[in-house]
Undergrad: 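Below is one structure. I have some questions about it.
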Amino acid sequence: MAPDEVTKKKRKSVKFAEEEPPKVKEAPKKQKAGKKIEVSVELRDKNEEKMGRKRKHRMKKSQAEKRQKLMESLVGPQVDEMDFEPEHKTFADFGLDERILKSIGELGWEKANQVQESVISLALENKNIMGRARTGSGKTGAFLIPLVQKLIAESKTNDGSVGPSAVIIAPTKELITQIYKLFVKLSQALPFLQAINLCDINEEENSVWLEDRSHVVVTTPGKLLRMCSLRPEYCTLVSYLVMDEADLLLSFGYEEEMIKIRSKLPPTYQCLMTSATLKDDMTTLKKLFMTGPVITIKLTEGDLPNSDQLTQYQLTCGSDEERFAILVAMFKLKLIVGRSILFVNTIDRCYKLMLILRVFGLKSCILNSAMPANSRCHVINQFNEGSYQIVIASDVSDADGSKLKEEIAGKSDEKPEKDEKKGKKASKLDKESGVSRGIDFHHVSNVVNFDFPETTDAYIHRVGRTARGFNKGTALSFCIPSERAHLEQIQEEINQQMGRKVLQPYEFRIKELDTFLLRTREALSKCTKGVIKKARLKEIRQELMRSANLQTFFAKNEREKLLMQTDCHPVMLKINSPAIADVTSYMVPEALRGMDFSAPGAKNRRYNMGQKHRQKLKHKFQKKGKDPLKTFKI
Ligand SMILES: Nc1ncnc2c1ncn2[C@@H]1O[C@H](COP(=O)(O)OP(=O)(O)OP(=O)(O)O)[C@@H](O)[C@H]1O
């Protein structure tokens with residue numbers, strides 16, 4: 001090629017590069033000149049990308065600075081601390097409306113507990129309150145009862161056409177559903193009081209969003225902002241604001257939403273914040289939302305129930321494999337009985353544990369933030385109705401955002417394979433989900449920290465799923481050597497808080513569980529990443545089958561429904577012997593010998609299997625008898 005031609009081509013390509021955004025992949029491969037330009041174009045692209053990233057970073061930084069300045073400019077409210085001594089009041093002592101008292105009676109609540117005693121009387125006096133009380137102590141009733149009482153009078157002046165008189169904000173959809181349900185129960189004798197759960201309304205149902213006339217709105221921050229964008233005046237009549245699990249509201253990604261919400265609220269209103277782990281340094285939230293003097297309630301009871309209500313154990317294992325074996329053995333040997341919640345640290349571990357327990361004939365359901373909100377509420381309902389005895393939950397996204405970020409970034413033990421998958425994974429996790437925070441699982445006898453939690457708050461909230469109200473419960477925390485540091489730190493903090501040694505050691509002689517260990521090892525060897533992935537997919541299919549939106553589609557397309565149903569069988573690990581789930585006498589440790597641990601139907605199963613084998617042999621010999629070659633005699 002002549003040099004002139006080359007320069008011409010160069011110029012042409014340069015012109016092309018200047019006029020249009022370059023398509024790097026389509027650039028001619030054979031021409032050397034083209035290649036050079038390709039490189040320069042790529043460089044320019046990278047530079048632009050870098051600049052873009054820098055600009056974004058600068059914008060983010062300036063936004064953060066603005067937020068910081070806004071916070072600094074706010075004047076903190078005057079805070080009074082109040083040490084509260086219980087007087088053991090009944091609900092009638094608060095001068096509540098008869099209709100509310102009737103509803104409380106129907107709930108079976110005879111007397112107010114500590115937090116209710118303190119919050120109800122102060123809230124009725126229009127005080128701003130920061131209430132910290134242990135998990136399961138009845139905080140929801142504490143802020144809802146005075147609210148219903150106040151709304152009786154307020155509903156006469158506000159018909160809800162502009163917006164509600166009360167807003168209740170909580171960080172997760174499950175919690176919102178729970179609060180909403182309790183409000184409905186408490187106001188059942190007051191049909192003129194209307195409440196709405198914004199998390200329950202489809203984004204498309206615009207008429208509901210626009211025409212709602214409720215007196216109370218229960219919502220996550222995101223849904224409230226959506227409503228405000230449709231109805232800018234929506235929050236202007238708010239006189240009562242509640243933030244449940246308030247410490248979580250500012251932790252992971254809610255900060256901006258909360259600042260926007262504050263700008264929609266009127267200058268003054270009564271504000272209540274509650275949580276089991278409300279830190280004293282909640283200055284940001286206090287400054288932002290409290291519009292007058294605040295009372296911080298200090299209860300005499302600790303962060304956790306006393307040892308006569310909640311027994312707490314910690315069990316040290318040598319390895320993860322041992323941990324699986326001991327848990328299986330404890331269930332099979334009936335050392336864990338009653339409804340149990342098993343907490344793990346990642347979503348994949350939920351499925352792994354479910355698959356292992358399934359091999360041993362233990363039925364469980366799963367709860368995590370990768371599941372859609374409807375499914376999560378469905379699982380909670382099923383568990384509360386008694387369909388399952390075991391829930392395996394991952395509280396990633398609950399206690400602290402860092403854990404969720406880690407899961408999104410794939411730092412958990414089961415990493416995503418490619419980088420670009422991280423984005424997809426991130427979008428699947430619902431930040432408005434919460435398992436250990438505030439969910440009122442009914443009659444839970446045991447909480448098992450199968451993976452040891454990483455923070456004290458996470459420990460408190462997980463353990464708080466048992467021993468709720470006036471019920472009793474047990475918490476058992478497994479710990480392997482790599483989790484030792486967390487155990488020591490959390491133990492120290494809790495002991496200090498409760499003023500005594502809280503976690504008792506649970507001794508187990510692993511030697512006596514050799515057979516369980518062998519069997520679990522076999523099951524674990526079959527539980528590969530591929531199988532876990534398959535189990536996750538199956539679970540999604542099952543959720544799809546339950547989806548309310550798909551029911552109309554299935555009604556019209558019977559064939560699709562059948563196809564989905566046939567493909568919905570649960571994933572099972574391929575174990576050679578089906579008898580792996582049975583407990584034979586030699587597996588039982590000495591101290592427990594003499595008790596019957598065989599699963600119901602196990603003996604029949606064995607008998608049936610023997611029968612089948614005998615029939616097979618009989619058939620074989622009969623066949624042989626008919627074969628002249630095999631029965632030939634000289
Ligand atoms: N006065 C009462 N008498 C008996 N049971 C009660 C009383 N108040 C609440 N309960 C019961 O105690 C349980 C826990 O209540 P609630 O969910 O309000 O606790 P919480 O303090 O909000 O817990 P968490 O910190 O986990 O959110 C519920 O099942 C509730 O019905």
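Below, all heavy atoms of this structure are taken into account, side chains as well, without hydrogens, waters or symmetry copies. Whatever order the structure lists ligands and atoms in, that order sets their numbers, starting from 1.
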Undergrad: Give a yes or no on whether a salt bridge exists between Lys260 and Glu256, defined as a side-chain N under 4.0 angstrom from a carboxylate O.
TA: no
Undergrad: Centres of the Phe450 and Phe478 rings: under 6.0 Å?
TA: yes
Undergrad: At a 4.0 Å threshold, what atoms of ligand 1 neighbour a non-hydrogen atom of Ser137?
TA: 19 (O), 20 (P), 21 (O)
Undergrad: With heavy atoms only and a cut-off of under 4.0 Å, state how His442 meets ligand 1: side chain, backbone, both or neither.
TA: neither
Undergrad: Counting each atom of ligand 1 from 1 as listed, which ones have a heavy atom of Gly469 under 4.0 Å away?
TA: 12 (O), 13 (C)
Undergrad: Report yes or no: does a heavy atom of Glu245 sit under 4.0 Å from some atom of ligand 1?
TA: yes
Undergrad: Look only at interatomic distance and state if Gly138 has a nitrogen or oxygen under 3.5 Å from any nitrogen or oxygen of ligand 1.
TA: yes
Undergrad: Test: side-chain hydrogen bond (donor to acceptor under 3.5 Å, both in side chains). Region: residues 181-200. Which pairs qualify, not counting sequence neighbours?
TA: Glu106-Gln188, Lys181-Asn381
Undergrad: Counting heavy atoms only, which part of Phe441 comes closer than 4.0 Å to ligand 1: side chain, backbone, both or neither?
TA: neither
Undergrad: Side chains of Glu493 and Gln489: do they bring a donor and an acceptor to under 3.5 Å?
TA: yes
Undergrad: Which one of Ala467, Gly136, Ala142 has a non-hydrogen atom at the shortest distance from atom 23 (O) of ligand 1?
TA: Gly136
Undergrad: Just to check, does Ala133 reach to within less than 4.0 Å of ligand 1 when the distance is taken from its heavy atoms?
TA: no
Undergrad: Evaluate the side-chain proximity of His461 to Phe343: yes if any heavy-atom separation is below 4.5 Å, no if none is.
TA: no
Undergrad: Pairs of nitrogen or oxygen atoms closer than 3.5 Å, one from Thr135 and one from ligand 1: do any exist?
TA: no
Undergrad: Between Arg465 and ligand 1, which part of the residue brings a heavy atom under 4.0 Å of the ligand: side chain, backbone, both or neither?
TA: side chain
Undergrad: Think Arg468 forms a cation-pi with Phe441, using NZ or CZ under 6.0 Å from the six-ring centre and within 45 degrees of its axis?
TA: no
Undergrad: Ignoring hydrogens and geometry beyond distance, is a side-chain donor-acceptor pair present between Asp212 and Ser214 at under 3.5 Å?
TA: yes
Undergrad: Using a 4.0 Å heavy-atom cut-off, say whether Thr140 meets ligand 1 through its side chain, its backbone, both or neither.
TA: both
Undergrad: With a 3.5 Å cut-off and no angle check, do the side chains of Gln178 and Thr140 form a donor-acceptor pair?
TA: no
